[in-house]
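FYI, side chains are in, hydrogens and waters are out, and symmetry mates aren't considered; it's all heavy atoms of this structure. Residue numbers start from 1 in every chain, and the chains themselves are labelled A, B, ... in the order their sequence lines are given, proteins ahead of strands.
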2 protein chains.
Amino acid sequence: MVTETKLSPAEMSERTGVSIDTLRYYEREGLVQNVTRAENGHRRYSENDVLWIGVLRCLRATGMTMEQLRHYCELGAQGVTTIPERRQLLTDHRAVVEQQVAELNEALALIDHKLEYYR
Amino acid sequence: MVTETKLSPAEMSERTGVSIDTLRYYEREGLVQNVTRAENGHRRYSENDVLWIGVLRCLRATGMTMEQLRHYCELGAQGVTTIPERRQLLTDHRAVVEQQVAELNEALALIDHKLEYYR
DNA sequence: GAACAACCTGGAGCGCACTCCAGGTCAAGC
DNA sequence: GCTTGACCTGGAGTGCGCTCCAGGTTGTTC
């Protein structure tokens, strides 16, 4: 379709749960690329941008740093030749997340142990 | 036993994996209490302190803030009457950690989805 | 045409959890 | 008695990820 819905910053913020300031910050830092503009210079976000912000927030929530995300974005911008590296990056991060899950489970065990003790 | 092994700051740091500066910082902030001193004024940590630092780090690693940990410590210092509140605090935090696990699992699913896409 | 709202930019400020530093004490070894 | 090293204190500095601000433009509404 040619007629793609475009979102204003306020709408984008509403849709993603990310503040307008943070959206601009991400763009400045290279974590969101090629945001289009209306004739008056205002940003217009696409549905793809909405999806990407979702991914971005998800990866951030698992401890991926701004730096790593920027790198991942740059790879994406460079085209399909970087797919192996992107896959590697995600695979590595996957291991980090699994490690986090393991640590949280340890923490749960410790909390349960403490709770047991308080009974 | 009366003859309890006491650890110097350097030994404590070695044992817990927490830097000497951070150990002092925790003490200043009320997260580690009643650290004994040698005659020359140097700190001497007990095995109990080692255990407590382990718990503290575990709770910190799950996102419990310094503020919450300080509160938990203060409750501990106030004696057994605060046990219900401590139990409540841990129970609440347990739910937070479970929520984190759920989010990490969502992230893993997303990463796997992306990886699938790159294949 | 005045007021208002939504947005723009560059840059400053903030909160958290450390981390580092300057200047000093004290005990042990040479 | 001088150096060295481990420690002390109070306070300043750091890095990350936002968050806020001042001053300006544009478009709409009364």
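Counting to the nearest Å, the P atom of D/dC8 and the CD atom of B/E39 are 15 Å from each other. Rounded to an integer number of Å, the gap from NE2 of A/H42 to C1' of D/dG27 is 8 Å. Atom CG of B/L7 is separated from atom C1' of D/dC7 by 15 Å (rounded to the nearest Å). For the pair B/E27 CD and C/dC18 C1', the interatomic distance rounds to 16 Å; values are reported in whole Å. Distance, B/L59 CG to C/dC16 C1': 17 Å, rounded to whole Å. C/dC20 atom P lies 14 Å from atom CG of B/L23, rounded to whole Å. Summarising the geometry, the separation between CD1 on A/I20 and C1' on C/dA5 is reported as 12 Å, rounded to the nearest angstrom. Rounded to an integer number of Å, the gap from CD1 of B/I53 to P of C/dC18 is 11 Å.
Residue contacts shown for A/A10 are limited to sugar-phosphate atoms, with no base heavy atom under 4.0 Å away.
Using a cutoff of 4.0 Å between basic side-chain nitrogens and carboxylate oxygens, B/E116 and B/R119 are scored as salt-bridged. Using a cut-off of 4.0 Å between Lys/Arg side-chain N and Asp/Glu carboxylate O, A/R24 and A/E27 are scored as not salt-bridged. In this structure, B/R94 pairs ionically with B/E98, as a charged nitrogen and a carboxylate oxygen lie closer than 4.0 Å.
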**Complete:** Reading nucleotides 11-18 of chain D from 5' to 3' and marking B where a protein heavy atom lies under 4.0 Å of the base, S where only the sugar-phosphate is that close, and - otherwise, the string is B-----BB

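The OH atom of B/Y45 sits 8.5 Å away from atom OG1 of B/T16, with the distance rounded to the nearest 0.5 Å. Atom-to-atom distance recorded for A/R43:CZ and A/T36:OG1 is 10.5 Å, nearest 0.5 angstrom.
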**Message:** Does A/Y72 form a side chain to side chain contact (heavy atoms under 4.5 Å, CB included) with A/L90? I'd like the steps, not just the answer.
**Reply:** CA-CA 9 Å; A/Y72 184 62; A/L90 286 186; 3.8 Å; yes

**Message:** For B/E106 and A/R57: C-alpha separation, side-chain torsions, deciding distance, then whether salt bridge (charged side-chain N to carboxylate O under 4.0 Å, His left out) applies.
**Reply:** CA-CA 12 Å; B/E106 272 181 46; A/R57 292 299 287 183; over 6 Å; no

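Which of C/dC8, D/dT9, D/dC7 sits closest to the side chain of B/R43 comes down to D/dT9.
With DNA chain D read from its 5' end, the first of the two nearest nucleotides for A/N40 and A/R24 is the one closest to A/R24.
A/E39 is linked by a salt bridge (Lys or Arg N to Asp or Glu O under 4.0 Å) to nothing, counting only residues two or more places apart in sequence or in another chain.
DNA chain D forms stems at C:1-30 with D:1-30, each a run of 3 or more consecutive Watson-Crick or G-U wobble pairs whose two key distances fall under 3.5 Å.
Atom CD of B/E14 sits in a sparse spot, with 12 or fewer heavy atoms from other residues, nucleotides or ligands closer than 6.0 Å.
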